[in-house]
Amino acid sequence: VDNRLVRVNIEVRGASAEPIRYATPVGTAVPVGALLAYVSDWLGLPESDWQLQLDGIALHPSSTLDEASVADGSLLVVLR
């Protein structure tokens with residue numbers, strides 16, 4: 001599996017009154033579900049059916065970031 005390191009912007013909506021925003025490097029071979037689990041655990045998000053979106057489209061948890069065409073500067077939105 002090809003893996004590139006890209007810097008993405010992550011915005012978490014619905015966890016607090018204001019969105020949580022940060023930028024981070026991530027490998028494109030990472031599955032969407034693994035990234036969601038990490039973000040949820042790291043931020044202590046409440047149990048919920050969180051999803052990851054790119055350009056308003058929900059990404060399947062078993063897809064990799066590469067399959068979703070995530071690139072440098074992409075905005076990934078985590079929401080319920």
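Hydrophobic cluster membership differs between V77 and I20, with clusters built from Ile, Leu, Val, Met, Phe, Trp and Tyr side chains linked at under 4.5 angstrom. Residues V8 and Y22 are members of one and the same hydrophobic cluster, defined by side-chain heavy-atom contacts under 4.5 angstrom among Ile, Leu, Val, Met, Phe, Trp and Tyr.
With hydrogens and angles disregarded, no donor-acceptor distance shorter than 3.5 Å links the side chain of D66 to the backbone of A29.
The shortest non-hydrogen separation linking V32 to H60 is CB-O, 3.4 Å. Across all non-hydrogen atoms, the minimal contact from A71 to V6 is C-CB, 4.0 Å. Taking all atoms of both residues into account, the shortest heavy-atom contact from P25 to R7 is CD-NH1, 3.6 Å. The shortest heavy-atom contact between P19 and R13 is CB-CG, 4.5 Å.
You'll find the side chain of T64 stays beyond 4.5 Å of the side chain of T28, heavy atoms only. No side-chain heavy atom of N9 sits less than 4.5 Å from a side-chain heavy atom of R21.
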Pairs under 3.5 angstrom only: tabulate donor-acceptor contacts from the side chains of residues 35-56 to other protein residues two or more places apart or in another chain.
from	atom 1	to	atom 2	distance (Å)
W50	NE1	P46	O	2.9
Q51	OE1	Q53	NE2	3.1

